[in-house]
Amino acid sequence: MDLKGFERLGPCHWRLAPRGAMRVPVEIFADEALLQAMDDKVREQATNVATLPGIVRASYAMPDAHWGYGFPIGGVAAFDPDEGGVVSAGGVGFDVSCGVRCLLTGLPVEAILEVHEPLAEALFAAIPAGVGSTGQIRLSDSEMDAMLRGGARWAVAQGYGEAADLERIEEHGCMAGADPKAVSAQAKKRQREEMGTLGSGNHYLEVQRVAEIYDEATAAVFGLVRDQVVVSIHCGSRGLGHQIGTEYFKEMALAAKIYGIVLPDRELACAPITSPVGQRYLGAMRAAINCALANRQILTHLTRKVFAEFFTGLSLPLLYDVSHNTCKVETHEVDGRKRTLYVHRKGATRAFGPGHPELPEALRAVGQPVLIGGSMGTASYVLVGTRESEALAFSSACHGAGRAMSRQQALKRWQGREVVESLARRGVIVRSPSFRGVAEEAPEAYKDVSAVVDAADRAGLARKVAKLVPLVCIKG
DNA sequence: ATGTTC
């Protein structure tokens, strides 16, 4: 993008002063190279977001920001309900509560390499993956509503995982304020057979080696040890979240007109937080958050069962579970005053700093684990939230690598089979039901995740703790 | 991301 008009606030912090209809500035966190490489659309979309009613402080973009539906992916925007603030389905994203969780195995990498191929096959057999994949679970209407209200807490009560997992999940595994009545019959129908499934696109389950530690003290608190193995699961709310996003987007496009909200782009469709449709959306979105938390919890259970076949008695405790497509009610200090804000993070990870009361006791002193998924076959990172991140971007950080190339372009460039073979030569076993999906997700179709993470670290959004590299990748 | 174009 063109750097003209930006004021540089720091090595990885840029500001566009408000002009025209903008109510607040745009702030982008990136080094100069990332900003230059960033799509012009990010500037345009972040500028559009800055015009929305009730937006507070700034329209933010993270170092991995790219063109999204209305709002940029990698965008953070907070709205004040008392100042006409809005909520937007496109500002959350269609894969509601897409996120990452990380399980600790405590195993040395050698133990995995002894069973590398059979472990990959067993995980591939146990984890339903791909477009429209279905699981073993069938929910009745009342079970569906209980799941939408209870999230991972519901899943644990059904026998998927352990009660100890819950404190290692945002919202302690259960998002309050979920309203199953605000979720359409169609959305529930789409989800009926999709609990405990990975989905497709950039979703994956990876067995990873801790390849590098940047912060020994924090890594020790997190339980991350160099050359030990972890399992990361990246997925979301599947068909249900997508259906909710689609339906409420349409409703919000009408609501914006009714409430006289001027939209520079129709895709910014939104409604006042205090409006009936805004409230119903929040209830449905929170139900979708619970769906994603339950989904990742069930996948965790399936993963543990597979590992137990190879390593008797192994428990795989949960390090943490983060969501990066949400709107959450949070208290933040703005101009010296505590305010209750509706923080949209779309392709952005919540990153609470040390001492935050929401964090589990065992982690509170060091800060929240911020799990950053890389693209298939490349590195992932664990970061930790900082104190300064609250003043920078309402305690938010990046979420992953971000696409550098469209799916269409990637399909022209690579054959899925070749991508699998090339990764196998680098020691990564990839198993996927779709070679097409693998081609679309070729590592080179993504930005360099390490540059993104370094920029987040230098900007102070979160601090690097450890680097993870894959040994096995189950791809949707 | 997505019953990959209701």
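A quick note: this is a predicted structure, and the numbers were derived from the prediction, not measured. Chain letters run A, B, ... following the sequence lines, proteins first and then strands; every chain starts at 1.
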field: Cation-aromatic face contact R403(A)/Y446(A), 6.0 Å, 45 degrees
entry: yes

task: Looking at every strand, decide which applies to E247(A) at a 4.0 Å heavy-atom threshold: base, sugar-phosphate, or nothing.
output: nothing

statement: note: Q243(A), atom CD; dT5(B), atom P; distance rounded to Å ~ 15 Å

N-O pairing of K328(A) and E170(A) below 4.0 Å: yes

- request: Let me know the distance between CG of N325(A) and C1' of dT2(B), rounded to the nearest Å.
  value: 13 Å

task: Give the rounded distance in Å between these two atoms: CZ of F94(A) and P of dT5(B).
output: 14 Å

message: Classify G236(A) by what it touches in the nucleic acid, base, sugar-phosphate, or nothing, heavy-atom distance under 4.0 Å.
response: nothing

message: Looking at T246(A), I'd like to know whether one of its side-chain N or O atoms comes within less than 4.0 Å of OP1 or OP2 on dT2(B).
response: no

Atom-to-atom span, NE2 of H203(A) to P of dT4(B) - whole angstrom: 16 Å

Atom pair distance, as rounded to whole Å: CG in L411(A) and P in dT4(B): 15 Å

query: What integer distance in Å separates E193(A):CD from dT2(B):C1'?
result: 17 Å

query: So, do L471(A) and V229(A) sit near enough that their side-chain heavy atoms are less than 4.5 Å apart?
result: yes

- request: Answer with base, sugar-phosphate or nothing: what part of the nucleic acid does G199(A) contact at a heavy-atom distance below 4.0 Å?
  value: sugar-phosphate

query: Given dT2(B), is OP1 or OP2 found less than 4.0 Å from the side-chain N or O atoms of R238(A)?
result: yes

message: Tell me the interatomic distance from E441(A), atom CD, to dT4(B), atom P, rounded to whole angstroms.
response: 17 Å

message: Expressed as a whole number of angstroms, how long is the span from I73(A):CD1 to dT2(B):P?
response: 13 Å

query: Relative to each other, are the rings of W154(A) and Y160(A) parallel, tilted or perpendicular (30° and 60° limits)?
result: tilted

